[in-house]
Protein chains: 2
Amino acid sequence: MSSTISDIAKIAGVAKSTVSRYLNGGSVGDKTRKKIEQAIKEAKYTPNPFAQSLKAKKTNIIGTIVPRLDSYASSQTLIGIDEQLKRLNYQMLISNTSQSLEREIESIYSFANQKMAGIILLATEITEQHIEAFEAVKVPVLLIGQEHPEIHSVIHDDFHAGYAMGHYILEKGYRDIAYLGVTERDIAVGVKRKHGFKKAMEEVQQDCHVHYYETEFNIPAAQAKAREIIHDHQPPIFVCATDNIALGVLKAAYAEGLSIPKDLAVTGFGGYEVTEIIHPSLTTAKFFYQEAGETAAKHIVELVNERSVEKLTISKFKIIERESVDINLKHGI
Amino acid sequence: MSSTISDIAKIAGVAKSTVSRYLNGGSVGDKTRKKIEQAIKEAKYTPNPFAQSLKAKKTNIIGTIVPRLDSYASSQTLIGIDEQLKRLNYQMLISNTSQSLEREIESIYSFANQKMAGIILLATEITEQHIEAFEAVKVPVLLIGQEHPEIHSVIHDDFHAGYAMGHYILEKGYRDIAYLGVTERDIAVGVKRKHGFKKAMEEVQQDCHVHYYETEFNIPAAQAKAREIIHDHQPPIFVCATDNIALGVLKAAYAEGLSIPKDLAVTGFGGYEVTEIIHPSLTTAKFFYQEAGETAAKHIVELVNERSVEKLTISKFKIIERESVDINLKHGI
DNA sequence: GATAAAAGTGGAACCGGTTCCTATAATGTG
DNA sequence: CACATTATAGGAACCGGTTCCACTTTTATC
């Protein structure tokens with residue numbers, strides 16, 4: 001079926017080493033070059049990547065480990081990585097772990113075994129086992145979304161996004177605030193976003209009540225928690241640590257017959273596409289996933305080629321003002 | 001770094017052919033088995049997949065071509081394929097074409113070159129070039145979402161979904177209907193969904209007005225088109241060929257100050273996650289993407305192993321009743 | 001216990017490339 | 001024009017597996 005380098009050599013009447021040299025830009029004479037080019041065209045030759053990788057002991061593939069495929073952040077990040085890698089003549093191979101940390105570890109070893117040039121991990125949590133695996137495989141690794149002192153990473157500016165969001169709602173006049181966060185095991189979302197927000201809260205001079213709650217990442221859990229809080233003491237605003245949590249709050253609000261943003265304001269973090277589709281649209285801190293993916297791709301390729309890269313890169317964010325916050329409130333001021 | 005089969009052979013004091021035989025379930029003596037097992041454990045040996053693929057002239061990887069990563073249908077389908085392939089000890093490799101038909105063709109050839117065992121294509125449109133490529137590469141191919149007489153495929157039941165949706169809204173009492181479809185170049189969505197719907201319309205005895213319009217797949221285009229139609233003649237219901245189009249219609253409705261479903265009812269097709277998150281939630285025909293992906297994975301593996309598979313498999317659907325249709329309308333009856 | 005069949009093992013070739021080494025041809029230098 | 005360089009080409013070894021073949025050792029059969 002598909003032809004080999006020996007076939008080409010035979011057709012062109014040269015040695016296969018010469019064909020290889022031609023393909024890899026070594027010195028070949030004019031006549032020989034012509035003959036080989038002709039033969040390659042004729043036989044529609046393309047090199048067998050396995051033979052190449054076998055010899056090179058290395059591929060041009062970057063393994064990308066992703067906890068889930070069905071999230072806006074994941075797909076956007078993957079798109080960014082993919083586009084950039086294509087430009088750099090690398091390939092992306094995705095391993096979906098369905099949110100299993102165990103599968104994540106397996107994937108690291110499996111990628112190393114498959115001689116991936118590098119590994120990008122869309123990280124949620126970095127455990128001891130991760131570090132162990134990274135050290136064992138000796139393949140360049142880059143994290144997206146979480147940071148670690150020993151590993152290169154591209155993160156979103158969670159702290160400042162939290163701070164900016166806090167600042168924003170204070171400026172709009174809110175002084176009684178419910179912050180709906182997540183577990184502190186998640187450093188980026190659970191800790192840094194909240195700390196940024198807290199800092200903004202601390203800077204306010206006036207009397208200001210902030211209650212901190214904790215829920216899960218999924219919509220139904222957030223909805224249930226929000227319902228509970230609304231029944232307990234109805235705050236005028238929910239600042240949610242993720243867009244999904246905000247969506248849960250919105251559902252709870254509808255169920256309780258509250259009007260957004262008049263009775264209840266809501267904000268999120270993420271900038272998911274759905275936040276602008278819904279009505280009322282959601283005020284949120286938008287992160288640039290695709291851009292972060294591109295940066296990650298650039299960096300991992302640098303690392304693969306043993307060039308130096310700053311250990312930590314912080315991707316930017318932007319507060320998107322939409323309809324879920326009452327911008328004419330100015331009460332309490 | 002990583003050890004080879006020869007290392008194992010040396011450590012165990014046997015020939016490498018024996019080690020290979022051991023690994024592939026050939027006949028090996030008891031003592032030899034023990035020694036080899038010991039050696040493998042000691043050296044942490046795992047076979048080099050490139051050497052294996054080089055010899056086998058084949059991989060256990062299924063190449064999956066997907067027009068876009070950031071769509072609910074895509075990610076769900078990919079998840080289904082991936083899960084099933086993992087169970088069958090195959091791997092999935094994704095090629096994202098960013099909706100470029102040209103890249104789609106390239107990917108087919110590239111997958112063949114990389115000796116993929118089979119190819120799954122999440123299809124939007126099948127051109128002559130596709131067929132040509134499929135014939136040229138001689139690799140088993142399976143389509144999801146579109147059908148073709150010459151190629152195995154798993155499709156959604158677009159015709160009956162269209163029919164059921166038509167039936168459903170007639171039953172709810174609607175008699176003046178706007179159908180917002182897409183180009184007929186898309187056989188599944190543009191032709192079959194619409195035909196099913198038309199058939200339901202034709203079966204009604206009473207006087208019934210149906211207008212057919214055409215728009216693009218994206219939300220802004222649908223929104224603009226809907227706005228136009230509303231201004232022109234305000235129908236009580238929009239039946240939209242996809243959930244995204246329905247979302248566009250909802251946006252247009254909000255902009256015009258119409259209340260859903262009282263002033264305007266809306267339905268979609270797809271069953272995207274967002275349709276149940278929004279308020280009011282969207283009545284839609286849900287397809288089972290993940291399931292279809294699993295079926296596709298099962299079938300491509302059968303094809304790879306040269307077993308026979310029915311040429312066409314039709315995945316099921318379900319009408320999901322939600323809030324965007326007024327179920328107490330019963331007017332005109 | 002002789003003989004046939006089966007099980008176990010090693011050696012060598014092969015998959016399709018790359019690369020090192022050596023030999024020859026083409027060029028440059030004084 | 002003799003001699004030193006340099007460009008070009010071929011041969012062989014190698015990457016890490018699998019498989020075929022031949023040979024030896026067990027085991028089964030009567």
Side-chain angles (χ1 to χ4, degrees), chain A residues 1-40 42-61 89 91 110 112-117, chain B residues 1-40 42-61 89 91 110-117 138:
Chain A
M1 196 186 107
S2 71
S3 52
T4 76
I5 201 170
S6 303
D7 297 337
I8 302 304
K10 206 170 294 167
I11 297 176
V14 300
K16 66 176 192 166
S17 53
T18 306
V19 179
S20 175
R21 221 177 307 115
Y22 163 80
L23 290 168
N24 297 292
S27 76
V28 251
D30 253 12
K31 280 181 301 180
T32 321
R33 160 170 290 113
K34 291 269 153 82
K35 282 191 293 183
I36 294 176
E37 278 168 0
Q38 172 62 27
I40 286 179
E42 196 176 305
K44 289 181 186 161
Y45 169 76
T46 49
N48 180 323
F50 295 109
Q52 291 182 309
S53 302
L54 173 58
K55 183 68 185 179
K57 297 183 161 199
K58 194 185 182 188
T59 62
N60 63 157
I61 305 176
N89 276 314
Q91 254 200 88
S110 156
N113 186 232
Q114 291 177 74
K115 308 286 184 286
M116 300 288 114
Chain B
M1 193 186 111
S2 71
S3 53
T4 76
I5 201 169
S6 303
D7 297 337
I8 303 304
K10 207 169 293 169
I11 298 175
V14 299
K16 66 177 192 167
S17 51
T18 305
V19 179
S20 175
R21 224 176 303 116
Y22 162 81
L23 290 167
N24 297 292
S27 74
V28 252
D30 252 15
K31 280 181 299 182
T32 322
R33 161 168 291 113
K34 291 266 150 76
K35 282 190 293 183
I36 293 175
E37 278 166 0
Q38 172 62 28
I40 286 178
E42 196 175 304
K44 290 182 188 161
Y45 168 75
T46 50
N48 180 324
F50 295 109
Q52 292 181 309
S53 300
L54 174 57
K55 182 67 187 179
K57 298 184 159 196
K58 196 186 181 186
T59 62
N60 63 156
I61 306 176
N89 277 313
Q91 255 200 86
S110 156
F111 275 160
N113 186 233
Q114 289 178 76
K115 308 285 183 285
M116 299 289 113
K138 294 179 178 168

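Convention: sequence-line order gives letters A, B, ...; per-chain numbering from 1.
Nucleotide D:dG16 holds its P atom 14 Å from the CD1 atom of B:I11, rounded to whole Å. One can place NZ of B:K31 at 18 Å from P of C:dA7, the figure rounded to the nearest angstrom. To the nearest angstrom, P of D:dG17 lies 15 Å from NZ of A:K55. Rounded to an integer number of Å, the gap from B:I8 CD1 to D:dG17 P is 9 Å. Rounded to whole angstrom, the span from the NZ atom of A:K10 across to the P atom of C:dG16 amounts to 11 Å. Going from atom CG of A:N24 over to atom P of D:dT8 covers 16 Å, rounded to whole Å. Rounded to whole Å, atom P of D:dT18 lies 14 Å from atom CZ of A:F50.
With DNA chain C read from its 5' end, the first of the two nearest nucleotides for B:G29 and B:K57 is the one closest to B:G29. If A:K16 and B:V28 are placed on DNA chain C by their nearest nucleotide, the residue sitting closer to the 5' end is B:V28.
The listed nucleotides are D:dG16, C:dG17, D:dG11; the one nearest the side chain of B:L54 is D:dG16. Taking the side chain of A:S27 as heavy atoms from C-beta on, and the options C:dT18, D:dA7, D:dG10, the nearest nucleotide is D:dA7. Nearest nucleotide to the side chain of A:T4, out of C:dG16, C:dT18, D:dG17: C:dG16. Checking D:dG10, C:dG17, C:dT9 against every side-chain atom of A:I5, the shortest atom distance belongs to C:dG17.
Between the NZ atom in B:K35 and the CD1 atom in B:I11 there is a gap of 12.5 Å [rounded to 0.5 Å].
Regarding contacts with the backbone of D:dG10, a side-chain N or O of A:T18 is found under 4.0 angstrom from either OP1 or OP2. Residue A:Y45 places at least one side-chain N or O closer than 4.0 Å to OP1 or OP2 of C:dG17. For D:dG16, the OP1/OP2 oxygens have no side-chain nitrogen or oxygen of B:Q52 closer than 4.0 Å. Remark: B:N48 is not in phosphate contact with D:dC15, judged by side-chain N or O atoms under 4.0 Å from OP1 or OP2.
Side-chain atoms of B:R21 come within donor-acceptor range of the base of C:dG10, with a qualifying N/O pair under 3.5 Å. The base of D:dG11 sits within donor-acceptor range of the side chain of A:S17, with an N or O pair under 3.5 Å.
For the side chain to side chain contact (heavy atoms under 4.5 Å, CB included) with B:Y22, the qualifying choice from B:I5, B:V14, B:V28 is B:V28, the only one to do so.
Under the 3.5 Å distance criterion, the side-chain polar atoms of B:T59 are left unmatched by any main-chain donor or acceptor of B:S53.
Using a 4.0 Å heavy-atom distance criterion, B:S20 is classed as a base contact.
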